[in-house]
2 protein chains.
Amino acid sequence: MPETAPRADRPADRLRDRTSGTRYGNRPTMKDVAARAGVGLKTVSRVVNGEPGVTPDTERRVQEAIEALGFRRNDSARVLRKGRTASIGLILEDLADPFYGPLSRAVEEVARAHGALLINGSSAEDPDREQELALALCARRVDGLVVIPAGDDHRYLEPEIRAGVATVFVDRPAGRIEADVVLSDNFGGARDGVAHLIAHGHRRIGFIGDMPRIHTAAERLRGYRAAMEDAGIAVADSWMSLGVTDPERVRRAAEAMLTGPEPVTAVFAGNNRVTVTVIRVLAGLSRQVALVGFDDIELADLLQPGVTVVAQDAAALGRTAAERLFRQLDGTHLTPERIELPTRLVTRGSGELPPSD
Amino acid sequence: MPETAPRADRPADRLRDRTSGTRYGNRPTMKDVAARAGVGLKTVSRVVNGEPGVTPDTERRVQEAIEALGFRRNDSARVLRKGRTASIGLILEDLADPFYGPLSRAVEEVARAHGALLINGSSAEDPDREQELALALCARRVDGLVVIPAGDDHRYLEPEIRAGVATVFVDRPAGRIEADVVLSDNFGGARDGVAHLIAHGHRRIGFIGDMPRIHTAAERLRGYRAAMEDAGIAVADSWMSLGVTDPERVRRAAEAMLTGPEPVTAVFAGNNRVTVTVIRVLAGLSRQVALVGFDDIELADLLQPGVTVVAQDAAALGRTAAERLFRQLDGTHLTPERIELPTRLVTRGSGELPPSD
DNA sequence: TAGAACCTGGACAACGTTGTCATGCGCGCG
DNA sequence: CGCGCGCATGACAACGTTGTCCAGGTTCTA
């Protein structure tokens with residue numbers, strides 16, 4: 001039986017040893033298992049994949065060989081052959097942002113329920129890096145992509161989508177292509193949050209938010225303006241700070257609107273990072289200033305006063321997006337849809353403070 | 001030129017259409033690009049991989065064909081051929097735990113610096129799921145694994161490690177196998193934290209921690225005992241609560257040790273989740289109880305009083321582990337090592353309160 | 001008891017890429 | 001003018017798996 005010769009004697013193996021970095025023994029393949037079990041290659045494949053048509057006795061022999069050799073199926077080869085990878089990609093902007101933890105987890109749960117693996121990477125808010133990552137994942141032939149976009153032009157994904165890569169955008173819509181997107185009701189949430197402050201007697205309300213080129217920031221700003229307009233309040237330019245996120249500049253912006261000629265009596269913070277910084281600023285003040293923040297923050301209830309927020313359900317965003325992705329993968333072509341999830345106003349004290357002037 | 005016939009006419013393509021789920025056009029391959037550019041297959045490969053030996057003119061023709069067809073290299077096939085995947089896996093226990101955000105991010109940064117992709121999944125503290133995930137990643141032929149273990153028996157990884165999969169454990173050591181591990185100094189951190197309380201006059205100090213079968217929990221408990229022993233304080237059983245983590249039971253445990261016959265004047269919380277719950281309990285009390293927690297928590301400085309913690313550097317844990325992983329991948333075989341990172345006591349007020357009895 | 005139906009097992013090609021090696025061309029130099 | 005050398009290019013096999021199809025053997029039925 002000359003086929004049972006050790007692998008290292010075959011020319012291809014010596015070759016591999018030279019070119020690739022595999023350091024220890026080469027991994028056994030189905031061929032090796034077959035040789036050891038004294039069966040054909042395809043029979044091993046059948047056992048590994050639980051396909052029918054193998055005698056219990058043969059199966060046992062194969063299993064023993066697998067065990068003895070420490071064989072593990074090479075999924076790269078499998079993917080190459082089958083075309084589908086049973087894995088999906090998730091691209092988010094910052095793994096360390098607590099907002100994305102539950103989102104990412106929810107996506108993973110759904111993927112797992114569908115027998116798929118989740119591969120994720122973060123774009124660090126850099127559109128180029130987002131594109132690089134997305135295309136790298138496509139090269140790996142992920143079946144689908146969940147993208148929290150950093151850029152605003154996603155035409156680079158067109159060939160991929162056409163080739164069958166399911167794609168869902170979350171948190172912000174895709175730029176310049178038609179695609180599914182799952183969003184929070186940023187406009188409505190912000191409008192309700194600001195209306196809440198107005199209902200508690202505030203008229204001069206500040207807004208600190210991210211750059212309006214970011215969709216969520218623009219929508220929240222729009223919500224702020226809408227609430228003010230609904231109440232017949234004219235907004236002073238000095239009450240708004242757009243495009244600042246780093247703590248130091250947020251601090252200065254907050255201090256400016258608190259001490260100007262028309263000092264605000266309440267602040268609406270456009271995202272969780274801004275909220276945290278504003279809390280620090282307000283903590284150093286003698287007078288009380290009301291605060292409502294967009295996005296929940298941990299321990300918000302333990303602060304004095306508790307922080308009133310417009311909470312989005314990050315887990316629901318992720319779950320909805322992932323489920324939509326798998327619906328794309330299961331069925332026929334769906335027309336791109338925009339799904340908007342409601343936000344929830346959580347009152348904890350800071351948003352119910354009366355004006356203090 | 002009969003080779004330019006559309007792909008769908010080749011029998012293999014009809015076959016693929018029937019068996020795999022690819023819905024739209026099939027993806028173009030190098031062969032298609034070659035046909036369109038009127039060059040050989042290998043030339044396309046050279047262009048795609050930036051290999052030398054291609055005339056500028058030829059290269060341009062190939063690039064145009066790539067552009068026109070929307071070609072993207074199939075990395076599965078590449079991996080199959082080359083043996084290495086340029087990707088590493090990270091297995092952690094809960095993506096939603098804020099402790100793992102920075103850790104995961106640090107691992108990703110290092111991977112990126114080495115041109116590798118990060119694939120991650122969470123075990124949800126379930127040893128079986130950890131194993132399942134780890135083996136799935138190995139089947140994908142990741143080059144290496146960073147594991148935050150949930151289980152305590154990792155012999156299932158032996159064949160993989162022998163086959164050349166680099167492996168580093170983080171936060172907790174591997175069970176029953178020799179492997180690299182990167183840890184925080186849980187023992188020293190806890191001992192210092194408790195000693196800090198003792199230095200501020202406390203004698204009756206409570207400890208609430210996770211199950212001692214978890215390595216970190218056991219080490220922290222050991223640190224607590226060591227500090228108490230060093231100070232010559234005999235520990236009453238009623239001061240210790242081991243193995244509780246869910247908020248309700250932590251609450252009851254805290255209340256019990258605060259109201260017993262020998263009520264504690266200070267509490268050492270064994271992890272961030274316990275700390276948060278204890279803060280809530282203490283907030284409802286009239287008398288002041290000192291608190292030191294293991295793990296930092298966000299906004300800890302904004303609470304009244306600020307929360308004193310023993311902080312671990314999650315990012316450094318991740319970075320160190322990932323760098324060790326790539327050193328394994330680069331070089332020759334390294335002997336397994338145990339790397340311990342220092343913790344840092346962050347005083348914010350709650351740990352400096354005097355005993356109030 | 002012959003033939004059919006069935007079951008198990010294996011040979012083979014194909015998935016898309018890359019490493020090796022061979023070919024053919026143009027050019028410089030003896 | 002011819003020889004060889006370097007360079008661009010392409011043919012081909014191999015990576016490890018799975019789908020197809022066929023062979024050989026067993027069991028059941030007429």
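Residue numbers begin at 1 in each chain, while the letters A, B, ... track the order of the sequences. Computation of the quantities below employed the complete heavy-atom set of this structure, encompassing side-chain atoms and omitting hydrogens, waters and symmetry-equivalent molecules.
Note on A:Arg72 versus B:Glu160: salt bridge recorded, some NZ/NE/NH1/NH2 to OD/OE distance being below 4.0 Å.
Between the CG atom of B:Leu41 and the C1' atom of D:dA14 there is a distance of 13 Å, given to the nearest Å. In this structure, the CZ atom of A:Arg78 is 12 Å from the C1' atom of D:dG19, given to the nearest Å. Per the geometry, CZ belonging to B:Arg72 stands 12 Å off P belonging to C:dT17, to the nearest Å. A straight line from CE of B:Met30 to P of D:dA13 spans 19 Å, rounded to a whole angstrom. Rounded to an integer number of Å, the gap from B:Leu80 CG to D:dT18 C1' is 13 Å. The CZ atom of A:Arg81 sits 16 Å away from the P atom of C:dT17 (whole-angstrom rounding). For the pair A:Asn74 CG and D:dC15 P, the interatomic distance rounds to 12 Å; values are reported in whole Å. The interatomic distance linking A:Lys31 (NZ) with D:dT18 (C1') rounds to 16 Å, in whole Å.
Contact annotation: B:Ser45 side-chain N/O to C:dT17 OP1/OP2 distance is not under 4.0 Å. Contact between the side-chain N/O atoms of A:Lys82 and the OP1/OP2 oxygens of D:dG19 is found at a separation under 4.0 Å. Contact annotation: B:Lys42 does not reach the phosphate of D:dA11 (side-chain N/O to OP1 or OP2, under 4.0 Å). One finds a side-chain N or O of B:Thr43 lying less than 4.0 angstrom from the OP1 or OP2 phosphate oxygen of D:dG10.
Within the helix from C:dT1-D:dA30 to C:dG30-D:dC1, the inter-axis angle between the opening and closing five-pair segments is 50°, rounded to 10°.
For the residue pair A:Arg105 and B:Ala124, the shortest heavy atom distance occurs at NH2-CB, 4.5 Å.
Between the side chain of A:Arg46 and the base of C:dG10 there is at least one donor-acceptor pair of N/O atoms closer than 3.5 Å. Evaluation of atom-type donor-acceptor distances gives no pair under 3.5 Å for the side chain of B:Arg141 against the base of D:dG16.
Nucleic acid contact for B:Val39: sugar-phosphate only, since backbone atoms but no base atoms lie under 4.0 Å from a heavy atom of the residue. Residue-level contact check: B:Arg73 touches the backbone only, with heavy atoms under 4.0 Å from sugar-phosphate atoms and none from bases.
Evaluation of the salt bridge (Lys or Arg N to Asp or Glu O under 4.0 Å) test over residues 40-49 of chain B, restricted to residues two or more places apart or in two chains, returns none. A ring-ring contact (aromatic ring centres under 6.0 Å, His included) check over residues 111-134 of chain A, counting only residues at least two apart or in different chains, returns the pairs A:His114-A:Phe326. Residue pairs satisfying the ring-ring contact (aromatic ring centres under 6.0 Å, His included) criterion with at least one member in residues 122-143 of chain B, sequence neighbours excluded, are absent. Residue pairs meeting the salt bridge (Lys or Arg N to Asp or Glu O under 4.0 Å) criterion with at least one member in residues 130-144 of chain A, sequence neighbours excluded, are A:Glu132-B:Arg112, A:Arg140-B:Asp75.
Partners of A:Glu323 according to the side chain to side chain donor-acceptor pair (under 3.5 Å) rule, which considers only residues two or more places apart in sequence or in another chain, do not exist here. Residues passing the side chain to side chain donor-acceptor pair (under 3.5 Å) test with A:Arg176: none are found, sequence neighbours excluded. In terms of the ring-ring contact (aromatic ring centres under 6.0 Å, His included) criterion, residue partners of B:Phe169 (sequence neighbours excluded) are, by chain and number, B:His154.
Of all the residues in residues 48-63 of chain A, A:Gly53, A:Val54, A:Thr55, A:Thr58 reach under 4.0 Å from DNA chain C with at least one non-hydrogen atom.
Between the side chain of B:Asp32 and the main chain of B:Thr29, a donor-acceptor pair closer than 3.5 Å is present.
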